[in-house]
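Structure first, commentary second.
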Amino acid sequence: MARRPLPSILSSRPALVRGRDLARSAADGASDVLHPVITIARGMRRQAAWTGGWWGRTPKDRRGPALLLALAGLVVVVMMPYGPLLAIVALIASAAWMGRDRSGTTPAGPGEAETGRLQSLYEALVPYLSDPADPAPLYTYDGSWAKAFSSFDFEGGRLTRLHLRYPAYFTDGEAESRTRIEQLLHAKAGRGREYRFDWDEEENHLTLTALPPLPTDIVAQRFVTAPGETVLGFTDPEAVPRTVPVAGGGGVGGVAVETRDAPPVVWRTGARSTEPHLLALGQPGTGTTSLLRSIALQSLVHGDVVIVDGSGTGEYACLTGRPGVLAVEDGLLGASATLEWAAHETERRLIAVSRARQEGRPVDEDARRPLWILVDRPTALSQLALAEGRPDPQLLLDVPLRHGRTANVAVAVADQLDATEALVPVVIAHTRARVVLGRLAPEHVEAVLGAAQRTTPAAEVPPGRGYARLGTGPVLRLQVPATPDPYDDEATSPQREAVLALLPGTPPPPPAAPTTTPAPDPEPTALRKEAVIRTVADLT
């Protein structure tokens, strides 16, 4: 005989349900009523935690004065009219502010346009990151981007960062395969910006990051560096471990901006440097001469400079006659004589260093003072020497390049990119610090620097924009500080004034106008070594 169910009036289930609903309603109502009290209590707990943390961080020798100051403030509040009441109200108000619910509304996810862009990127990667033999493919034609893209960021509707996973069988160790993926992502993520690609071959991850443009408002100035350090330019903040304070200028309306920190590309020279010599290449108008001019202004703070201008356009006329500038030559004979003297000076320094080490004494000051040899367009001088049947002046750089690090002699060479075949092998072999400026294809950048760039080419390339690599280090984006010729009327006034402010000493006064008064007999002048060198060179 089947058992008949009990009547509903005798069952306890409806009572339990009603009791549970009543308790839930009472709890919701109590939480609404007591919400201010809960907020204030939470805020007081946070205040107590902050006070305890501050007390623990305070040194023991400062706790007594801090406690005395707090007691004095408490006495002043108690003695004020309505002071205790106002103090209690302020405490409750601050506790309510600190105890408020800080959990903001979580984003619901990408919008419709962002979802469409991510799905388009995913579908574009399917032919390159899928395999028909894969039993569980990560990229399929009917798949979703959610399983491949782990994180992403958008700004103004444009993709700024994307972190994706790719299958382990993808040939990420081959440069062609990686280049193909980078070109695809560059096209789909949006042209007109530079992107950096970070490949994690161990975890099979790829991170795409849209890079902001490098600042172009930094002018020539005194940078905070140690002796032997030269700022070639500025790069991305995450690429180098240090920053230097800089002052911008020549911006909108030529108004200088406030001082800020910028990440520099620092080239180190001297006896302990691994890259004591520099080679800068670029197309005309890309800023190689400005780079050498910037190096010269920084080098004059701690050393002497010899400048050879193969172009003969007078770009370094502002340095003529300045303290520390030993010579500024733009002719074939003067340049050859100056480079020959630099070779003999390097040998003299080597002998001085060797004797000092053998005798166990410090090296003489004249052998320890840094000497910089800056050569602009040496291939033009080589062409002139070939036409006149003279020796190539570049061969005179052999001794400074080979032994300059021991003798504290640094060589910086700048030339045009289409003249690299005319550079002698000794220049190419001993210039391990490289800079390339201008709009160039990635394969050209790799040919000059010896490594591929990690970023896509820039859409707009201002003067002084390029890449740098110091020895075997990474390839860095570079923006050379604006260092124009101060006598160039086409440069902006703030930039020219910044360069003039860095020039040491005062230039020699201009020759006086002829007068009718008879001039006095000239006094005998001492014969200088530089004059002898120049005279002998002219007679050769």
Side-chain angles (χ1 to χ4, degrees), residues 212-225 229-237 243-267 280 282-302 305 307 309 311 313-325 328 374 376 412 414 435 437-439 458-466 468 477-510:
L214 295 178
T216 58
D217 63 334
I218 301 178
V219 297
Q221 55 196 276
R222 287 280 181 261
F223 300 112
V224 182
T225 56
E229 293 184 345
T230 304
V231 175
L232 300 180
F234 297 90
T235 184
D236 301 305
T243 58
V244 295
V246 298
V252 180
V255 181
V257 299
E258 60 182 5
T259 302
R260 65 183 188 274
D261 291 338
V265 178
V266 178
W267 172 39
Q283 299 294 349
T286 55
T288 54
T289 300
S290 295
L291 175 60
L292 286 190
R293 194 181 294 113
S294 174
I295 294 175
L297 293 176
Q298 298 180 60
S299 306
L300 289 174
V301 178
H302 303 288
V305 177
I307 301 175
D309 183 12
S311 60
T313 56
E315 291 287 340
Y316 303 93
C318 60
L319 296 170
T320 304
R322 302 284 179 173
V325 181
V328 178
L374 308 182
D376 195 358
V435 172
L437 302 179
R439 181 188 295 274
E460 298 181 0
V461 182
R465 178 68 171 82
R477 294 200 306 166
L478 179 70
Q479 179 63 50
V480 178
T483 317
D485 183 6
Y487 301 151
D488 185 6
D489 296 336
E490 296 183 359
T492 61
S493 178
Q495 294 178 354
R496 290 189 285 110
E497 292 176 358
V499 176
L500 287 174
L502 297 178
L503 293 175
T506 56

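Index from 1, following the sequence.
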request  = Please test Asp261 against Val244 for side chain to side chain contact (heavy atoms under 4.5 Å, CB included), starting from the C-alpha separation and ending with a verdict.
outcome  = CA-CA 5 Å; Asp261 291 338; Val244 295; over 6 Å; no

query = Do Asp485 and Tyr316 get their side chains close enough for a donor-acceptor pair, meaning under 3.5 Å?
reply = no

query = Under the 3.5 angstrom rule, does the side chain of Arg477 hit a backbone N or O of Asp236 as a donor-acceptor pair?
reply = no

task = State, yes or no, whether a side-chain contact exists between Val328 and Asp309 at a heavy-atom distance under 4.5 Å.
result = no

note = Separation between CG (Asp376) and OG1 (Thr313), nearest 0.5 Å, reads 7.5 Å

ask   = Do Pro494 and Val219 have side-chain heavy atoms sitting under 4.5 Å apart?
value = no

Heavy-atom check, side chain of Leu232 versus side chain of Val480, under 4.5 Å = no

task = Any chance you could measure Leu503, atom CG, to Thr320, atom OG1, to the nearest 0.5 Å?
result = 10.5 Å

key: Under 3.5 Å: donor-acceptor pair, side chain of Arg293, backbone of Glu315   = yes

key: Closest contact, heavy atoms only, Val305 versus Ala296   = CG2-O, 4.2 Å

Gap between atom CG of Leu374 and atom OG1 of Thr289 - 0.5 Å precision = 11.0 Å

request  = Please answer whether the main-chain N or O of Pro481 pairs with a side-chain N or O of Thr483 as donor and acceptor at a distance below 3.5 Å.
outcome  = yes

ask   = Are the side chain of Arg496 and the backbone of Ala491 linked by a donor-acceptor contact shorter than 3.5 Å?
value = yes

key: Side-chain touch Gln479/Pro462, heavy atoms, less than 4.5 angstrom   = yes

inquiry  = I need the Glu229 CD to His302 NE2 distance, nearest 0.5 Å.
reply    = 9.0 Å

note = Correct closest heavy-atom pair for Val499 and Ala220 would be CG2-CB, 4.3 Å

Asp488 side, atom CG; Cys318 side, atom SG - distance, nearest 0.5 Å = 11.0 Å

query = Are Ser294 and Gln298 linked by a side-chain donor-acceptor pair shorter than 3.5 Å?
reply = yes

request  = Quick one: closest heavy-atom pair of Ala468 and Leu478, and the distance?
outcome  = CB-CD2, 4.0 Å

ask   = How long is the gap from CD1 on Ile307 to CG on Leu292, to the nearest 0.5 Å?
value = 8.5 Å

ask   = Between Arg465 and Leu214, is any pair of side-chain heavy atoms under 4.5 Å apart?
value = yes

note = Val224 and Pro245 have their tightest heavy-atom pair at CG2-CG, 3.8 Å

inquiry  = Do Val265 and Val231 have side chains that approach each other closer than 4.5 Å (heavy atoms only, starting at C-beta)?
reply    = no

ask   = What heavy-atom pair brings Arg222 and Leu502 nearest, and what distance separates the two atoms?
value = NH2-O, 3.2 Å

Side chains of Leu319 and Leu297 in contact at under 4.5 Å (non-hydrogen atoms) = yes

ask   = Less than 4.0 Å between a side-chain N and a carboxylate O, is that true for Arg260 and Asp217?
value = yes

ask   = Phe223 and Phe234: ring pair (Phe, Tyr, Trp, His ring centres under 6.0 Å), yes or no, with the steps?
value = CA-CA 12 Å; Phe223 300 112; Phe234 297 90; 5.6 Å; yes

task = Kindly determine whether Ser493 and Glu497 satisfy side-chain hydrogen bond (donor to acceptor under 3.5 Å, both in side chains), including the steps that lead there.
result = CA-CA 6 Å; Ser493 178; Glu497 292 176 358; 3.2 Å; yes

task = Indicate the atoms forming the closest heavy-atom contact of Leu300 with Pro323, along with that distance.
result = CD2-O, 4.0 Å

